[in-house]
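In what follows, a single structure is set out as structure tokens and then discussed.
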Amino acid sequence: QVQLVESGGGLVQAGGSLRLSCAASGRTFSSYAMGWFRQAPGKEREFVAAISWSGGITYYADSVKGRFTISRDNAKNTVYLQMNSLKFEDTAVYYCAARATLKSIAIPGGYDYWGQGTQVTVSS
């Protein structure tokens, strides 16, 4: 069992930056690939970024590539999402999630555990 708790969301102006954190419980954090997803009102949950167990492989949605960076610290059981050059359309609730494999990494249904989400609001 893995419990995930996101933090770091908030209100920021367009062009600004935020860093989201996701703290995981349990001693098997390094056994899971981790992903970030987001969901805006009235829209489906969409993939943002993912990272492999060791952090050596990363994946990004085209919409955030070059602006967002995913990283993890297995010693702290934490995964991060550094978000720069934020745009109004980045406004959403951001969720972190954990899964055992890298297969279909961008598909929400393949994740085993989810956090409760943190709100990110970008003002234009």
Side-chain angles (χ1 to χ4, degrees):
Q1 189 79 8
V2 176
Q3 291 185 325
L4 305 173
V5 179
E6 302 96 334
S7 62
L11 175 64
V12 64
Q13 288 187 332
S17 298
L18 281 175
R19 188 176 82 156
L20 305 183
S21 299
C22 173
S25 64
R27 293 175 291 178
T28 60
F29 175 72
S30 60
S31 301
Y32 290 90
M34 300 297 296
W36 284 97
F37 288 78
R38 65 188 182 186
Q39 188 165 18
K43 295 188 177 181
E44 293 186 352
R45 191 166 298 190
E46 67 172 356
F47 172 75
V48 175
I51 190 166
S52 63
W53 309 272
S54 66
I57 303 173
T58 57
Y59 307 84
Y60 295 95
D62 288 342
S63 59
V64 306
K65 202 171 293 184
R67 299 188 298 122
F68 290 10
T69 302
I70 188 171
S71 62
R72 66 189 296 162
D73 185 338
N74 287 343
K76 295 182 178 180
N77 281 10
T78 302
V79 62
Y80 304 98
L81 185 68
Q82 177 66 44
M83 306 186 295
N84 298 328
S85 302
L86 282 161
K87 304 176 181 180
F88 176 76
E89 50 264 40
D90 294 319
T91 296
V93 177
Y94 283 70
Y95 300 89
C96 70
R99 61 178 296 156
T101 73
L102 294 176
K103 184 178 181 180
S104 301
I105 196 73
I107 306 301
Y111 285 77
D112 302 304
Y113 303 101
W114 290 85
Q116 83 289 347
T118 186
Q119 176 71 47
V120 172
T121 303
V122 184
S123 62
S124 58

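Heads up: numbering here begins at 1 and tracks the sequence. Only a predicted model underlies this, so the values are computations on that prediction, with no experimental measurement involved.
- W36 and F47 fall into different hydrophobic clusters, where Ile, Leu, Val, Met, Phe, Trp and Tyr side chains are chained together by heavy-atom contacts under 4.5 Å.
- F88 places none of its side-chain heavy atoms less than 4.5 Å from the side chain of D90.
- Nearest approach of L4 to A97, heavy atoms of both residues: CD1-CA, 3.7 Å.
- Separating the CZ atom in F68 from the OG atom in S85 is a distance of 9.0 Å, to the nearest 0.5 Å.
- In terms of heavy-atom proximity, V93 sits nearest to G117 at CG1-CA, 3.8 Å.
- Closest of all the heavy-atom pairs between Y59 and L102 is OH-CD1, 3.8 Å.
- Under the 4.5 Å side-chain contact rule for hydrophobic residues, W53 and M34 do not share a cluster.
- Taken to the nearest 0.5 Å, the CZ atom of R19 stands 11.5 Å off from the OG1 atom of T69.
- With 3.5 Å as the limit, one finds a donor-acceptor pair spanning the side chains of R99 and T101.
- Annotation for T118 and L20: closest pair CG2-CD2, 4.0 Å, computed over non-hydrogen atoms.
- For the atom pair CD1 of I51 and OH of Y80, the computed distance is 11.0 Å after rounding to the nearest 0.5 Å.
- Contact check for P108 versus W114: side-chain heavy atoms found under the 4.5 Å cut-off.
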Handout entry: salt bridge (Lys or Arg N to Asp or Glu O under 4.0 Å) between D62 and K65, worked out
Key = CA-CA 5 Å; D62 288 342; K65 202 171 293 184; 3.2 Å; yes
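- Taking a 6.0 Å sphere around CD of Q116, one finds it holds more than 12 heavy atoms contributed by other residues, nucleotides or ligands.
- Nearest heavy-atom pair across A40 and A92 is N-CB, 3.8 Å.
- Listed here is the closest heavy atom pair of A33 and I105: CB-CD1, 4.3 Å.
- Taking the ring centre of F29 as origin, the terminal cationic atom of R72 falls inside the region bounded by 6.0 Å and 45° from the ring axis.
- Atoms CZ and OH, on R45 and Y95 in that order, are 4.5 Å from each other to the nearest 0.5 Å.
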Exercise for the section: Take V120 and L18 through the test side chain to side chain contact (heavy atoms under 4.5 Å, CB included) and record every step on the way to the result. Expected result: CA-CA 9 Å; V120 172; L18 281 175; 3.9 Å; yes
Exercise for the section: Assess whether side-chain hydrogen bond (donor to acceptor under 3.5 Å, both in side chains) is satisfied between D73 and T78, documenting all intermediate values. Expected result: CA-CA 5 Å; D73 185 338; T78 302; over 6 Å; no
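- Checked against a 6.0 Å centroid threshold, the rings of Y111 and F37 count as neighbours.
- Cluster membership for V64 and V79, using ILVMFWY side-chain heavy atoms within less than 4.5 angstrom, is shared.
- There is a side-chain donor-acceptor pair under 3.5 Å between R38 and Y94.
- Atom OG of residue S21 and atom CG of residue L81 lie 9.5 Å apart, to the nearest 0.5 angstrom.
- To the nearest 0.5 Å, atom CD of residue E89 and atom NZ of residue K43 are 8.5 Å apart.
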